[in-house]
Asker: 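What follows is a structure written as structure tokens; I'll ask about it next.
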Amino acid sequence: MLAATVFIGSYAFAAIRWPETAFMAGLLIVQAAFVLSAVWKTVIAIASLRRPSPAPVPIEWPRYTILVALHDEAAVAPDLIANLARIDYPAHRLEAFIVLEAHDAATLAAVEAAPKPAWLKTCIVPPGHPLTKPRALNHALAQARGDLVTIYDAEDRPHPQQLRRAAARFVAQPRLGCLQAPLRIRPSGRAGSAFLDRQFAFEYAALFEVTLPGMARLGLPFPLGGTSNHIRMTALRAAGGWDAHNVTEDADLGFRLWSLGWTLDVIDCPTWETPPGGLDRWLPQRTRWLKGYMQTWGVHTRRPRRLGRRGLLSLVMTLGAAILAAGAHAPTLAWLASAVLVGLHAGIAPATPLASIAVLGAGVIAAWMGCAVGARRAGLDYRLGDMLAAPAYWSLLSLAFVHAAWRLIIEPHVWDKTPHDSEVQPLELVVIADDAGREAA
């Protein structure tokens, strides 16, 4: 963070003292970043085509612990319990904890009233601070007895076979520290959020169906998703559990496991979940994610040698690129739009460098490519209208970036919770053939 502050301060001074030179230098940096990002996304997409070898069925299934931290989720608790009950894993090797805050009487009542399998228990977190998901998970971790542990969220519908697939991989690969399952967005049924819901689904598809599998095939670490990550218990305890003060504890944990010598990979069995909804829900969630990325970036760049060259490359091209892109999307679009509008108003060709347009176009095409491939693998319909609407969605990330930077200063550890609604007509869990979409792509 100190280096970033020095860099920004130095550039601000240069912009005042030598404005033209500073502008050209900044333009070159942005262009280089766009080109590098486009190349990175292309390489990752190609690498994601290679699939891991299937693991044999283990002689004995390892003990599995499921942790689900809930806060003010009385509306969806019954649906969550029903979804967990569909998991296909030997009951005598399975335990699950629904982790609740001590003051959350409504959610506790809903959980206690719902029918539950014998292996599902309730864990109450004593009052304390910070009031975050990772703090609750750390409390439950002390009671966990599994060899493996996985995390689910309130709105999740995990594939019934997900635990079996993950367990087989862990048994076959002793140095495997964590597996990430793909998260796929199912329709929420809420009115007024179709644009954000669709773009959110495509964004998830690009990340979980293309980026993370590609990075795994290249042997690189990556930021974990907030749910459906399966972790070897010895690795998690060696890492000290989750960082209770980091609001994206999942992103941080992926790099911490890597720095301890564990490898990360992905599995194909998905978890279905709903999108956050309208802007009033999407913006706080994205603000929290970006704030957590900034926290994680600050933590892991203090001692970058722990990550090694590949780990540092991954950190830069995931969290670093996400932070930079979020801040640059809206200004870049505004610059392009203003150049075109001024040119049209003056009746002359826009004074926009062709090289800059080519670089910007390469970045946009690479982003579209990732969404298109990911959507195909996730079984989504990615249309021309979705492609044309994507820049408007990307621009909203700049709004979240400003919020995140400010909140990092004034409220670094405050958790912006995303509320979830019960489904009026719950969709049946559709189990499709593994990687049908991947083969089609």
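Positions are given from 1, in the same order as the sequence printed here.
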Asker: Is there any salt bridge (charged side-chain N to carboxylate O under 4.0 Å, His left out) pair reaching into residues 140-150, and which pairs are they, with sequence neighbours excluded?
Answerer: R63-D147
Asker: Is the closest side-chain donor-acceptor distance between H300 and D252 under 3.5 Å?
Answerer: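 Looking only at side-chain atoms, D252 and H300 do form a donor-acceptor pair, the distance falling under 3.5 Å.
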Asker: Is the backbone N or O of K133 less than 3.5 Å from a side-chain atom of E249, with the two atoms forming a donor-acceptor pair by type?
Answerer: no
Asker: Assess, by modelled atom type and distance only, whether the side chains of T274 and E155 contain a donor and an acceptor separated by less than 3.5 Å.
Answerer: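 Absent: no donor and acceptor within the cut-off.
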Asker: Whether the Q161 and R165 side chains hold a donor-acceptor pair (N or O, under 3.5 Å, no angle test) is what I'd like checked.
Answerer: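 Side chains of Q161 and R165: no pair found under 3.5 Å.
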Asker: Taking the side chain from D156 and the backbone from D153, do they hold a donor-acceptor pair closer than 3.5 Å?
Answerer: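 Looks like yes, one N/O pair under 3.5 Å.
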Asker: Whether R232 engages the ring of W262 as a cation-pi pair (distance to the six-membered ring centre under 6.0 angstrom, angle to the ring normal within 45°) should be assessed.
Answerer: no
Asker: Could you give me the CA-CA distance, side-chain angles and deciding distance for N246 and T296, then say whether side-chain hydrogen bond (donor to acceptor under 3.5 Å, both in side chains) is met?
Answerer: CA-CA 7 Å; N246 192 319; T296 303; 3.0 Å; yes
Asker: Are Y393 and W282 near enough that their ring centres are under 6.0 Å apart?
Answerer: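 Yes - the distance between ring centres of Y393 and W282 falls below the 6.0 Å cut-off.
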Asker: Mind checking whether W289 and Y204 have parallel, tilted or perpendicular rings, split at 30° and 60°?
Answerer: parallel
Asker: Show me the pairs that pass salt bridge (charged side-chain N to carboxylate O under 4.0 Å, His left out) and involve residues 297-307, at least two apart or across chains.
Answerer: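 Not a single pair qualifies under salt bridge (charged side-chain N to carboxylate O under 4.0 Å, His left out).
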Asker: Ring centroid separation for H129 and H245, is it under 6.0 angstrom?
Answerer: no
Asker: Which pairs pass salt bridge (charged side-chain N to carboxylate O under 4.0 Å, His left out) with one or both residues in residues 385-397, sequence neighbours excluded?
Answerer: R198-D386
Asker: Donor-acceptor pair, distance only, cut-off 3.5 Å: does the side chain of T248 make one with the backbone of G292?
Answerer: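 Yes, T248 side chain to G292 backbone: donor-acceptor pair under 3.5 Å.
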Asker: Can you sort out the partners of N138 under side-chain hydrogen bond (donor to acceptor under 3.5 Å, both in side chains), two or more places apart, ordered by chain and number?
Answerer: none
Asker: Enumerate the residue pairs fulfilling salt bridge (charged side-chain N to carboxylate O under 4.0 Å, His left out) with a member in residues 388-407, sequence neighbours excluded, ordered by first and then second residue.
Answerer: R407-E411, R407-D416
Asker: Would you indicate whether R175, at its atom CZ, is surrounded by more than 12 heavy atoms from other residues, nucleotides or ligands within a distance under 6.0 Å?
Answerer: yes
Asker: Is it true that D243 and R256 make a salt bridge, defined as a side-chain N closer than 4.0 Å to a carboxylate O?
Answerer: no
Asker: Can you pull out every side-chain hydrogen bond (donor to acceptor under 3.5 Å, both in side chains) where at least one residue sits in residues 310-324? Sequence neighbours excluded, please.
Answerer: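 For residues 310-324, and leaving out neighbouring residues, there are no side-chain hydrogen bond (donor to acceptor under 3.5 Å, both in side chains) pairs at all.
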Asker: Which word best sums up how the rings of H159 and W272 line up, parallel for under 30°, tilted for 30 to 60°, or perpendicular for over 60°?
Answerer: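 Parallel: the ring planes of H159 and W272 meet at under 30°.
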